[in-house]
Structure formats: C-alpha cells, structure tokens
Amino acid sequence: MDFINKVGSTIAKKAKEAAGISSLNSQISTQEEIIDKLCLEIGKTVYEKRNAFPDSELAEKYTAVSNAYAEIARLKSEIISVKGAKQCPSCGIEVALTSSFCPNCGTAVPTPEPAPYVENIEIPPDSIIYYPREDHEKNTRA
C-alpha cells in the first residue's frame with residue numbers, strides 16, 4: 001500500500017508541476033504576443049516617418065513596403081473593376097458605373113476606359129514593382 005501512495009503522490013506532484021509549467025508557458029506566449037504587436041506598431045511608425053528619418057539599412061525595406069501598398073491599391077481597384085463598378089479618384093470607394101459623382105465625397109468620377117486584354121502575364125514572386133516618384137508618393141498615401 002505504501003508503494004501505491006508513493007506512486008500516487010509522485011503522479012500528483014508531476015501533474016501539479018506540469019500545470020504550473022503550462023501556466024508559465026502561456027504567460028510567456030502572452031508577453032511574446034504583446035512584444036510582436038508593439039514591434040509591428042513601431043515598424044509602422046518608422047515606415048510612416050521614413051522621410052524624416054532616412055536609414056540606408058532600411059531603404060530597401062521601405063521600398064518593398066511602398067510597393068506592397070501600391071500593389072494592394074491596384075488589386076483593390078481591380079476588384080472594383082471585376083465587380084462592374086468604378087473607383088472614386090479622391091476617396092477610393094466603390095462607385096456604381098452609372099454614377100457621375102462619388103456618393104461619399106462628391107468628386108466627379110469619370111467612366112473608366114475598358115482595359116485592354118492581356119493574356120497570361122506571370123509576375124515572379126520575388127519581383128519588385130517600380131513606380132515613378134510622383135506615382136510612388138500618390139500610392140503611399142492610399
């Protein structure tokens with residue numbers, strides 16, 4: 001009987017230890033999530049203020065982020081086009097093709113020209129999209 005009590009006591013001790021370790025690991029994960037969120041916010045702030053604080057080590061990453069924002073804007077515009085609508089040039093919202101003015105900001109919205117058909121263009125996943133300086137600044141504000 002003494003053997004069973006020792007085994008039971010050892011099992012209970014190990015279970016309590018495992019629960020304590022699990023709780024501590026959960027707390028560590030929570031703190032890591034907080035750090036990740038804060039680092040993301042810091043990174044976004046640095047990117048937004050990149051012109052005030054240029055950094056040659058980050059220049060390539062700044063360009064990559066700007067290109068990604070520009071690509072997102074292009075893809076959103078394409079979604080609007082696929083839906084058979086047009087995009088307000090001022091605020092960027094979706095506007096019905098029959099509307100002459102944006103219902104959100106009142107800007108005149110021209111009817112877009114139909115896009116030319118382009119067959120099977122593949123963009124390599126590691127390619128960088130280049131936009132001239134004026135387009136780059138316009139696209140980073142979107």
Side-chain angles (χ1 to χ4, degrees), residues 3-142:
F3 173 74
I4 293 175
N5 287 338
K6 284 184 180 179
V7 170
S9 174
T10 302
I11 291 173
K13 182 179 175 185
K14 290 291 183 183
K16 185 176 180 180
E17 183 181 290
I21 290 171
S22 178
S23 174
L24 292 169
N25 281 329
S26 176
Q27 291 175 45
I28 289 169
S29 291
T30 299
Q31 294 304 312
E32 289 172 339
E33 288 172 10
I34 290 169
I35 290 169
D36 288 345
K37 182 180 177 190
L38 291 170
C39 286
L40 181 62
E41 289 176 17
I42 290 168
K44 285 182 177 181
T45 301
V46 169
Y47 172 76
E48 289 168 358
K49 297 181 179 185
R50 67 193 177 283
N51 292 333
F53 305 102
D55 185 326
S56 60
E57 289 182 39
L58 297 176
E60 188 175 320
K61 289 178 178 43
Y62 289 158
T63 300
V65 170
S66 295
N67 288 339
Y69 277 128
E71 182 63 4
I72 288 169
R74 186 193 69 75
L75 292 168
K76 285 181 178 181
S77 181
E78 191 172 321
I79 288 170
I80 290 171
S81 177
V82 168
K83 290 167 78 176
K86 54 188 175 181
Q87 188 172 23
C88 173
S90 181
C91 69
I93 71 161
E94 182 178 325
V95 179
L97 279 176
T98 56
S99 297
S100 297
F101 296 92
C102 176
N104 185 53
C105 68
T107 301
V109 183
T111 302
E113 295 292 323
Y117 178 75
V118 180
E119 192 174 317
N120 298 331
I121 292 181
E122 290 188 30
I123 300 173
D126 60 342
S127 64
I128 295 179
I129 301 168
Y130 170 77
Y131 292 94
R133 183 90 179 132
E134 61 213 26
D135 286 348
H136 166 75
E137 290 174 0
K138 179 175 68 177
N139 287 323
T140 57
R141 286 186 237 129

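Start at 1 with the first residue, then count along the sequence.
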Taken in chain and number order and not counting sequence neighbours, the residues that satisfy side chain to side chain contact (heavy atoms under 4.5 Å, CB included) with E33 are none

With sequence neighbours left out, the residues meeting side chain to side chain contact (heavy atoms under 4.5 Å, CB included) with I42 are V46

Review point. Ion pair present between R74 and E71, side-chain N to carboxylate O less than 4.0 angstrom?
Key: yes

Sequence neighbours excluded and cut-off under 3.5 Å, please list the side-chain donor-acceptor pairs for residues 90-106, or say none.
unit_1, atom_1, unit_2, atom_2, d
E94, OE1, K83, NZ, 2.8

When rounded to the nearest 0.5 Å, the distance separating OG1 of T10 from CD of E17 is 11.0 Å

Closest heavy-atom pair, T107 versus P89, reported as atoms and distance to 0.1 Å, is CG2-CG, 4.2 Å

So side chain to side chain donor-acceptor pair (under 3.5 Å) across residues 21-32, not counting sequence neighbours, yields S23-Q27

**Study point:** Main-chain N/O of A59 paired to T63 side chain as donor or acceptor, under 3.5 Å
**Key:** yes

Sorted by chain and number, sequence neighbours left out, side chain to side chain contact (heavy atoms under 4.5 Å, CB included) with K13 holds for none

So salt bridge (Lys or Arg N to Asp or Glu O under 4.0 Å) across residues 19-31, not counting sequence neighbours, yields none

Side chain to side chain contact (heavy atoms under 4.5 Å, CB included) filter on D55, not counting sequence neighbours, yields E57, L58, Y62

Here the gap from I80 atom CD1 to E78 atom CD, rounded to the nearest 0.5 Å, amounts to 11.0 Å

